Number of protein chains: 2
Amino acid sequence: MTTRGKQTVRDLRRGSRSTLLRRLYFEGPLSRQELGTATGLSAGSISNVTGELLADGLIEECGSVDSDGGRPRILLRVVPDRAHLVGVDIGETQVRVGLFDLARTELAASDHPLDETGHDVGHVVDLITTGLTEVLARTGITAEEVLGVGVGVPGIVEQGAGPDAGDTAVVHGQTFDWNAVPLGRLLRARTPLPLFVDNGAKTLGQAEMWFGAGQGARNAVVALFGSGVGACVIADGARFRGATSSAGEWGHTKVHVGGRRCRCGSRGCLEAYVGAEALVERWADAPPGASEKAGLAALLAAAEAGRPGAVALLDEAAELLGAAIADLINLFNPERIVIGGWAGLMLGPRLLPAVRDAATAYALAFPRAQTTITLSRLGPDAVTLGAATLPLTHFLESGGELPRHATRAAG
Amino acid sequence: MTTRGKQTVRDLRRGSRSTLLRRLYFEGPLSRQELGTATGLSAGSISNVTGELLADGLIEECGSVDSDGGRPRILLRVVPDRAHLVGVDIGETQVRVGLFDLARTELAASDHPLDETGHDVGHVVDLITTGLTEVLARTGITAEEVLGVGVGVPGIVEQGAGPDAGDTAVVHGQTFDWNAVPLGRLLRARTPLPLFVDNGAKTLGQAEMWFGAGQGARNAVVALFGSGVGACVIADGARFRGATSSAGEWGHTKVHVGGRRCRCGSRGCLEAYVGAEALVERWADAPPGASEKAGLAALLAAAEAGRPGAVALLDEAAELLGAAIADLINLFNPERIVIGGWAGLMLGPRLLPAVRDAATAYALAFPRAQTTITLSRLGPDAVTLGAATLPLTHFLESGGELPRHATRAAG
DNA sequence: GTGCTTACTTCACGGCGAGATTTAACGTCT
DNA sequence: AGACGTTAAATCTCGCCGTGAAGTAAGCAC
């Protein structure tokens, strides 16, 4: 049973600000009139709240719409450079820091490769700090103009509670052998900016929902198909987190109980059959010594050329992927399933029809009929953008609250 | 991103009423003082709101707590017989109608068996109407004193929207061969009472969360293990529904892609291996002609006696169940998993240790460590009680709103 | 009794959104 | 050009909200 905590009369204003700000952010320039019909707020309240937002410099008037005989509507929009966002992608091979304005334009980015020995936490934190300094220096943007830093990490993120949740985020990552790493605390020592930490697959899912193939859906699953397999579940418009933020670990769903051994230590996991690493490893004719991406590309080329081993492998992958997607459909009943990740983007065009067929064969008819299965529209760099949506989400939900350190007067 | 709709200043009062009413309902008699510290509301507001609730006859004073030197605290509680609830369980073999007071005491119940030909919708609706009339007549309670009728049905329920959502509920049930049956509309023609329709497994899960082994958990999965297999997922205190309310169809999760054929038409479903029907069917030594329950009891007895075939069958069932629970743990990251259903209650004591071990072996270590796996504490009759929680939920969330037809003055 | 402690009630206050009214800013018609 | 109709936005009044301070009630200890 939903327990919505105590609310005072000021929370109403916060809610109204948030509603209008979000509407303007996602549905482009709108007049006060349109805001009124869209949100149900009275004209008076719209005037009040937009007046506040204008005074705060968060929105601005931008032209007007001609009318037939009446006063023209004045369009309002969020000021794109009123604030900025930083997204950090801690990937398997590099650390990428991106600086965005509110309109998601990437103003600068900084890449630092991670070598084999580079997964030491201190080193990664160093790279993030360096990258952050670089993108700020290169654009001349000061820390005061940044809403916060979102960090996408590989592994399970245990969130803290309260307003500075990011400061207490703890990361459990099998890939890097990170065990209860207090990433939030380590970063807090390096920057005064608000911090937001989440799993990289989840931040990519977030980006996909807001700006990619997930747009408009309130219930969706973004399946990330790369070296491993992950998923980001969106339930009723919000990330599904579970008790300790580790929900959506789809890659270790069982497709054959007791089957192939998986790197997680268990057996029969989806990832052990259809992860890029597993596919390349299982392909008898894989070019030796090639990288995972090159190996997968070779597998795809061989299948396109009709080589039986490669065709069989990909056909089986499509069936298993479809069956695992059927599980997601049965369990989560989403409107949409988006397949992303670099391997998903590479193999997607070939596999998609078979995946759809397998999902239809394995899922219950009723929920299957409610779902469309599509490919991602965003490239792999979207992890950085997705990470930047973490402070953006906070900004929009709080009704345009600026961090304490950013109390610049209205532009 | 969560879109909380427009709120007016009156919604605050509704929220406060709901908060206090829920607190009083679940945490027994409390003083105004305790309510204040528990909810964070100011003493003045507590006085106002409890005053309203007292005037509405929804709560009453019940004694006081002695104090050491100060004015004693006056205890408040929800008036148990201020309103009543009806729960209906449309089971596979019977229709059961129960009448409860607000304290969940069953005041009367009516059972009507469903024979082989009795799954016709009109017949079921007749039985519900008859049962409803019976329990009201037997207790002398009038329709005005009933908050609503909750109905638990086997099958997927497509909910309507708006305040009278139950009136437009449509049921898709494979068991009864019900295809898009407008149960809400059919019942609306028979009774003026507010209607609430949901899947029976989900109502049982609801009961388990409120009054059974799920108490206190905000993220949980209630696994229903009967003739078939289902689940009810609770995310952050609320039923997880998905886009069209069919989320949680766990029974058709794949444990062996391409494996045993299932009654859903697909292959390799969990239900095809561990459902009671499947277990009895797969047991070579099953007593011919016995009922499903008798068959399962015989299987259990044989296993307890050490008969190899039976032992192997149950051991395999435990492993598969554990593996499928591992999938739930990975995907939903719950604090608690509750195993219920009549087969779960029957086999639970024997299977539970092996199920726990299998779940540990197959799930990721981090989310597994956050979860406890327990057996249900409620009997199978809890479906009726769970169904009755549907109008109760509405009552508590609306802050104690009485249906239009029940505007009796305060007692 | 007198004083002290604690629970509860009352009341003035600032803030909120709704809805009515007023002002603003355009077309169009004469 | 100027009056008029039309629509957008701003302003104002109203009832309601929760807060917090001040006041009242109801017990105990001395």
Side-chain angles (χ1 to χ4, degrees), chain A residues 4-21 23-24 29-56 59-77 399-400, chain B residues 4-21 23-24 29-56 59-77 398-401:
Chain A
R4 210 173 32 255
K6 171 193 78 155
Q7 291 211 312
T8 89
V9 76
R10 310 187 75 119
D11 295 318
L12 291 179
R13 178 53 61 98
R14 186 206 317 278
S16 296
R17 282 177 61 117
S18 176
T19 303
L20 294 189
L21 201 55
R23 196 64 79 152
L24 286 175
L30 289 171
S31 71
R32 294 172 175 83
Q33 184 64 17
E34 291 164 316
L35 282 173
T37 57
T39 61
L41 263 67
S42 71
S45 295
I46 301 276
S47 254
N48 276 335
V49 179
T50 53
E52 268 187 37
L53 294 172
L54 280 166
D56 290 346
I59 64 175
E60 63 187 0
E61 304 191 337
C62 61
S64 57
V65 182
D66 294 5
S67 78
D68 40 316
R71 176 177 174 174
R73 304 177 177 187
I74 301 171
L75 293 176
L76 299 169
R77 71 164 172 215
Chain B
R4 210 174 31 255
K6 172 192 76 154
Q7 291 212 310
T8 88
V9 75
R10 309 186 76 119
D11 294 317
L12 292 179
R13 179 52 61 98
R14 185 206 317 278
S16 297
R17 282 177 62 118
S18 176
T19 302
L20 295 189
L21 200 55
R23 196 65 77 153
L24 287 174
L30 289 171
S31 70
R32 294 172 177 82
Q33 184 65 15
E34 293 164 316
L35 281 173
T37 58
T39 61
L41 262 67
S42 72
S45 295
I46 301 276
S47 252
N48 276 334
V49 178
T50 53
E52 267 187 40
L53 294 172
L54 280 165
D56 290 346
I59 64 175
E60 65 187 0
E61 303 190 337
C62 61
S64 57
V65 182
D66 292 4
S67 77
D68 40 317
R71 175 176 174 174
R73 306 177 175 187
I74 302 170
L75 292 177
L76 299 170
R77 71 164 172 216
S398 69
E401 182 186 286

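Every chain is numbered from 1, with letters handed out A, B, ... down the list of sequences. Treat the numbers as computed from the prediction; the structure is a model and nothing was measured.
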### Summary
Overall bend of the helix from dG1(C)-dC30(D) to dT30(C)-dA1(D) (five pairs an end, 10° steps) is 20°
Just how far is it from atom [atom1] of [X] to atom [atom2] of [Y], taken to the nearest 0.5 Å?
X        : Y        : atom1 : atom2 : result
Leu24(A) : Thr19(A) : CG    : OG1   : 11.0 Å
Arg10(B) : Leu12(A) : CZ    : CG    : 13.0 Å
Leu35(A) : Arg73(A) : CG    : CZ    : 10.5 Å

Please report, rounded to the nearest Å, how far the [atom2] atom of [N] is from the [atom1] atom of [X].
X        : N       : atom1 : atom2 : result
Leu41(A) : dA9(D)  : CG    : C1'   : 15 Å
Arg14(B) : dC16(D) : CZ    : P     : 15 Å
Gln7(B)  : dC16(D) : CD    : P     : 18 Å
Arg13(B) : dG15(D) : CZ    : P     : 17 Å
Leu54(A) : dA10(D) : CG    : C1'   : 13 Å
Glu52(B) : dC17(D) : CD    : C1'   : 11 Å
Arg17(A) : dG17(C) : CZ    : P     : 11 Å

#### Entry: Under the salt bridge (charged side-chain N to carboxylate O under 4.0 Å, His left out) test, residues paired with Glu60(A) that sit two or more places apart
Arg77(A)
### side-chain contact (heavy atoms from CB on, under 4.5 Å) partner of Pro29(A), chosen from Ile59(A), Leu75(A), Ile74(A), Leu76(A)
Leu75(A)
### dG17(C) OP1/OP2 closer than 4.0 Å to side-chain N/O of Thr8(B)
no
### Task
Look at Ser16(B) and dG18(D) and indicate whether a side-chain polar atom (N or O) is within less than 4.0 Å of OP1 or OP2.
yes
Any non-hydrogen side-chain atom of [X] less than 4.5 Å from a side-chain atom of [Y]?
X        : Y        : answer
Val65(B) : Ser31(B) : no
Arg13(A) : Arg17(A) : yes
Lys6(B)  : Leu41(A) : yes

### Base-contact (B) and sugar-phosphate-only (S) positions in nucleotides 1-13 of chain C, heavy-atom cut-off under 4.0 Å, - elsewhere
----BBBSBB---
